[in-house]
Asker: 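Once you've had a glance at the structure underneath, I'll fire off some questions.
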Amino acid sequence: MLARVDNEAEKQGHFKDQMRAYDRWKAEVIHAIHEYKQWLEDHRMGTPEIELRIHDSIESLRGDRLVIAFVAEFSRGKTELINAIFFSDYQRRLLPSDAGRTTMCPTELFYDQQSDEAYIRLLPIETRLEDISISEFKKYPERWTTISLDVNSPDQMAESLREVVKVKRVSVDDAKKLGLYSEESHNHFKDDDDLVTHLDIPMWRHALISFPHPLLQQGLSILDTPGLNALGSEPELTLSMLPNAHAVLFVLAADTGVTRSDMDMWQFHIKTYRKNGHKGLVAALNKIDTLWDEMKKPEEVEESVRHQCAETARLLGVEPGSVFPVSAQKALVGKIRKDHALLAKSRLLDLEAYLADKILPAKQVIVRDTIVGAIDQMIGASRQMVTQRLEATQTQLHELRSLSGRNADVITGLMRKTRERQAAYNKNMESFQASRRILSQHSKSMLDALSIKAVDDLVATTRTNMEGSWTTGGMKGGMKTFFDGTRDTMQHVGTLAEQTQNVVQAIYRKFHEEHGLPIGELKAYSIKKYRIELERLYEEAETFRNSPITTMTEQHFVIKKFFISLVSHVRHLFMKANRETDAWLKGILIPLVRQVNENKQQLDQHLETLCKINESRDGLDIKIRELEKRCNLLERERDTLNHIIDRLHTPLPAASLTPDTDDGRVTRAAS
């Protein structure tokens with residue numbers, strides 16, 4: 001036991017260490033991108049398109065967040081688990097998790113870099129009556145109730161955060177209008193003789209909490225979601241918020257086991273997360289301290305915990321290594337009191353280590369493949385251009401060195417060949433411009449198809465098809481119209497993308513074959529991920545319609561809200577596809593245009609040099625020395641770009657904890 005305690009003491013703080021390392025890695029990448037930006041400015045090679053892409057990449061890195069969602073039914077200890085993992089350094093419960101208090105509305109915790117103060121923003125529950133999604137409401141801070149947080153007073157912060165759990169008493173009719181009551185789901189309120197006339201509902205629809213905690217400043221964002229009813233009555237949670245999370249912790253309780261409502265939540269709202277290719281889906285079996293029986297031997301208690309985890313894994317259909325037994329309450333006490341033995345017994349650090357060694361590296365891969373990958377290609381194109389200049393300069397240097405002692409006929413022959421290359425080049429430029437016009441037509445067709453106007457036209461068609469009916473039948477008809485339209489659009493854009501890539505490849509190939517310009521690695525573009533996302537949304541719609549929540553809540557209200565959320569999500573999807581397509585179209589010919597201009601400039605300079613040498617041999621040695629200096633300069637430029645690329649690919653510091661291959665648990669690596 002002593003060895004385990006020592007080991008747990010060493011592991012404590014590992015997640016925070018890895019978050020700091022991840023933050024430093026992003027800072028290093030941003031610094032490298034700034035260095036590349038400066039390199040472009042120094043060499044007057046920047047363009048508005050390139051500068052915009054660099055700016056967007058830097059802003060994306062600065063605003064990058066690691067989103068961890070906590071999902072559970074009521075009274076599973078979810079908020080206590082958040083306190084224990086992330087906020088024990090406040091030496092108290094920061095988020096309200098006392099008995100009888102539970103999170104009533106979805107809550108996001110993060111750090112707002114644009115705000116001068118810490119705050120809680122609360123969206124009134126009455127906004128559910130409006131046909132506006134939560135993501136749209138986030139654009140209008142004035143629609144939220146804002147409470148300032150005093151970060152120097154943990155007591156004031158804790159008291160202010162209790163606002164999130166507040167409820168209000170309303171009539172049944174008002175609750176129905178808000179989509180928060182149905183007789184089927186609230187029949188437990190009824191007495192034998194009396195009908196329910198009033199009930200408590202959440203005061204707030206959604207909460208945003210921003211304060212400068214180190215983990216939040218380093219990019220951590222926490223999504224706290226309350227109960228099956230909340231997931232069902234706010235479709236935006238399952239349509240976008242949960243799928244966009246990098247890890248989802250499904251919290252269960254050891255004292256209740258996997259209940260029917262737990263299984264409904266898992267089956268209809270959480271399990272789909274795995275279908276999207278996410279690997280960060282784990283179950284936290286909380287409250288294992290209820291299994292600590294002093295009348296039993298330690299090995300018997302251990303067997304009880306193991307059995308409960310195995311049974312949980314079986315019911316959820318996951319690997320046993322994906323179920324982490326913890327006691328959030330004991331872990332929080334252990335951290336606050338610096339009781340390493342109690343912390344070890346709580347087993348929380350195994351879960352923290354999983355987040356540090358599995359989720360964070362996976363998040364880094366995503367950032368590297370998207371944001372860093374785009375910049376990497378730009379720098380690669382610049383390095384290719386510098387290499388092209390170097391090779392051309394070396395060729396010219398070799399030619400000039402070979403002219404020493406030669407007669408005028410040799411120089412005249414070189415001048416004639418250079419003029420012939422110029423003429424062929426100019427002729428190819430005519431076909432190049434014609435190809436660019438074809439490319440421009442493809443670009444317009446793609447961007448028009450992905451425009452917001454196209455989506456809004458489709459929405460209008462869908463509404464007409466639904467003919468004002470928000471019944472399940474009307475919803476099915478509208479959904480079919482909507483998804484048939486979006487699928488057709490994406491398929492059409494995909495066809496245009498393939499045609500465009502073929503045109504571009506033909507242009508590159510022509511200049512490579514006739515002028516020796518390097519083709520390089522063309523950035524492939526595919527609309528596939530958006531088509532997959534549309535299919536996921538359609539499956540989510542099917543699951544939602546078949547879930548218990550459509551009968552547990554006011555059907556008319558929920559179906560309408562679901563459709564509004566769905567439309568909002570698809571609009572965002574089309575906007576994202578439009579921006580990405582536009583950036584791809586603007587950047588796809590930049591490397592070739594640079595090469596074309598560079599090659600033309602080199603031909604002109606080379607012909608001018610030969611003409612001068614033909615007139616007077618005195619300048620030959622001077623020109624050779626100039627080219628030698630230029631070669632040295634270009635070699636240094638190439639080395640600079642190589643150095644920047646190396647910095648972009650700086651790995652995260654190796655984790656001191658490595659995953660065991662048997663069950664996914666995390667153990668100390670041998671030193």
Side-chain angles (χ1 to χ4, degrees), residues 56 131-133 135-136 235-236 238-241 243-244 272 275-277 370 374 437-470 474-505 522-545 559-588:
D56 288 346
D131 294 345
I132 302 176
S133 64
S135 60
E136 285 295 312
E236 201 169 347
T238 49
L239 282 173
S240 58
M241 292 185 187
N244 289 332
T272 52
K275 292 180 181 178
N276 302 331
T370 53
R437 286 192 290 272
I438 296 173
L439 184 61
S440 177
Q441 294 171 0
H442 282 296
S443 301
K444 186 177 185 305
S445 298
M446 292 172 70
L447 295 176
D448 285 347
L450 293 171
S451 68
I452 291 301
K453 181 182 182 303
V455 181
D456 290 342
D457 289 345
L458 180 58
V459 171
T461 302
T462 303
R463 288 186 181 278
T464 301
N465 185 68
M466 295 175 72
E467 297 178 345
S469 172
W470 291 108
M475 179 69 170
K476 287 183 177 179
M479 291 292 293
K480 186 176 188 307
T481 300
F482 192 67
F483 278 103
D484 284 348
T486 54
R487 285 164 171 162
D488 290 344
T489 297
M490 286 298 179
Q491 186 172 359
H492 176 59
V493 173
T495 301
L496 288 174
E498 290 179 6
Q499 295 172 352
T500 302
Q501 286 180 125
N502 291 335
V503 170
V504 173
Q505 286 174 344
L522 294 179
K523 182 181 179 182
Y525 183 73
S526 173
I527 213 78
K528 182 179 178 181
K529 61 183 177 182
Y530 297 111
R531 296 173 70 176
I532 291 174
E533 178 68 3
L534 285 174
E535 290 302 317
R536 182 191 72 79
L537 289 172
Y538 182 73
E539 289 180 12
E540 190 73 38
E542 290 292 313
T543 302
F544 183 83
R545 283 203 303 273
I559 292 173
K560 183 179 179 182
K561 277 293 175 188
F562 185 85
F563 186 77
I564 291 168
S565 297
L566 188 68
V567 169
S568 175
H569 195 79
V570 172
R571 285 181 98 253
H572 177 74
L573 192 71
F574 268 66
M575 288 174 60
K576 187 176 178 182
N578 186 290
R579 286 196 302 268
E580 186 175 338
T581 301
D582 188 39
W584 173 69
L585 290 168
K586 286 179 178 177
I588 195 168

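All residue numbers refer to positions in the sequence shown, counting from 1.
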Asker: For F482 and L458, which heavy atoms make the closest approach, and how far apart are they?
Answerer: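 Between these two residues, the closest heavy atoms are O-CD2, 3.6 Å.
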Asker: Say you draw a straight line from CG of L537 to NE2 of H569; how long is it, rounded to the nearest 0.5 Å?
Answerer: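 With rounding to 0.5 Å, CG (L537) is 4.5 Å from NE2 (H569).
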Asker: Side-chain contact test, heavy atoms from C-beta onward, threshold under 4.5 Å: evaluate it for M490 versus T486 and give yes or no.
Answerer: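 A side-chain contact under 4.5 Å is absent here.
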Asker: Quick one: closest heavy-atom pair of A454 and A449, and the distance?
Answerer: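 Nearest pair, atom of A454 first, then A449: CB-O, 3.4 Å.
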Asker: Can you find a pair of side-chain heavy atoms, one from L585 and one from L447, that are under 4.5 Å apart?
Answerer: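 Contact flag for L585/L447 side chains = yes.
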Asker: How far does OG of S451 sit from CG of D582, to the nearest 0.5 angstrom?
Answerer: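 Atom-to-atom, S451:OG and D582:CG are 12.0 Å apart.
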Asker: Between Y530 and E580, does any side-chain donor sit less than 3.5 Å from a side-chain acceptor?
Answerer: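 On atom types as modelled, these side chains qualify, holding a pair under 3.5 Å.
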Asker: For the NZ atom of K444 and the CG atom of L439, what is their distance to the nearest 0.5 Å?
Answerer: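 One finds 14.5 Å between NZ of K444 and CG of L439.
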Asker: What do you reckon, is NE2 of H572 surrounded by more than 12 foreign heavy atoms closer than 6.0 Å?
Answerer: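 Counting neighbours around NE2 of H572, 12 or fewer heavy atoms of other residues, nucleotides or ligands fall under 6.0 Å, so no.
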Asker: Measuring from atom OG of S135 to atom CE of M241, what distance do you get when rounded to the nearest 0.5 angstrom?
Answerer: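 One finds 7.0 Å between OG of S135 and CE of M241.
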Asker: Is the shortest side-chain heavy-atom distance between T500 and Y525 below 4.5 Å?
Answerer: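 Not in contact.
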Asker: Report the C-alpha separation of W584 and Q501 in whole Å, then their side-chain angles, then the decisive distance to 0.1 Å, and conclude whether the side-chain contact (heavy atoms from CB on, under 4.5 Å) test is met.
Answerer: CA-CA 11 Å; W584 173 69; Q501 286 180 125; 3.4 Å; yes
Asker: Measure from NZ or CZ of R487 to the centre of the six-membered ring of Y538, then state whether that distance is under 6.0 Å and the direction lies within 45° of the axis.
Answerer: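 The answer is yes; both the distance and angle limits are met.
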Asker: Report yes if the side chains of N578 and M446 come closer than 4.5 Å at any heavy-atom pair, otherwise no.
Answerer: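 No; the side chains remain at least 4.5 Å from each other.
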Asker: Rounded to the nearest 0.5 Å, what's the gap from CD1 on I527 to CG on L496? Could you check?
Answerer: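 I527 CD1 to L496 CG: 10.0 Å, rounded to 0.5 Å.
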Asker: I'd like to check the side chain to side chain donor-acceptor pair (under 3.5 Å) partners of R571; sequence neighbours left out, ordered by chain and number.
Answerer: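 Side chain to side chain donor-acceptor pair (under 3.5 Å) list for R571, sorted by chain: D456.
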Asker: Rounded to the nearest 0.5 Å, what separation is found between the OG1 atom of T489 and the CD atom of Q491?
Answerer: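 Going from the OG1 atom of T489 to the CD atom of Q491 covers 10.0 Å.
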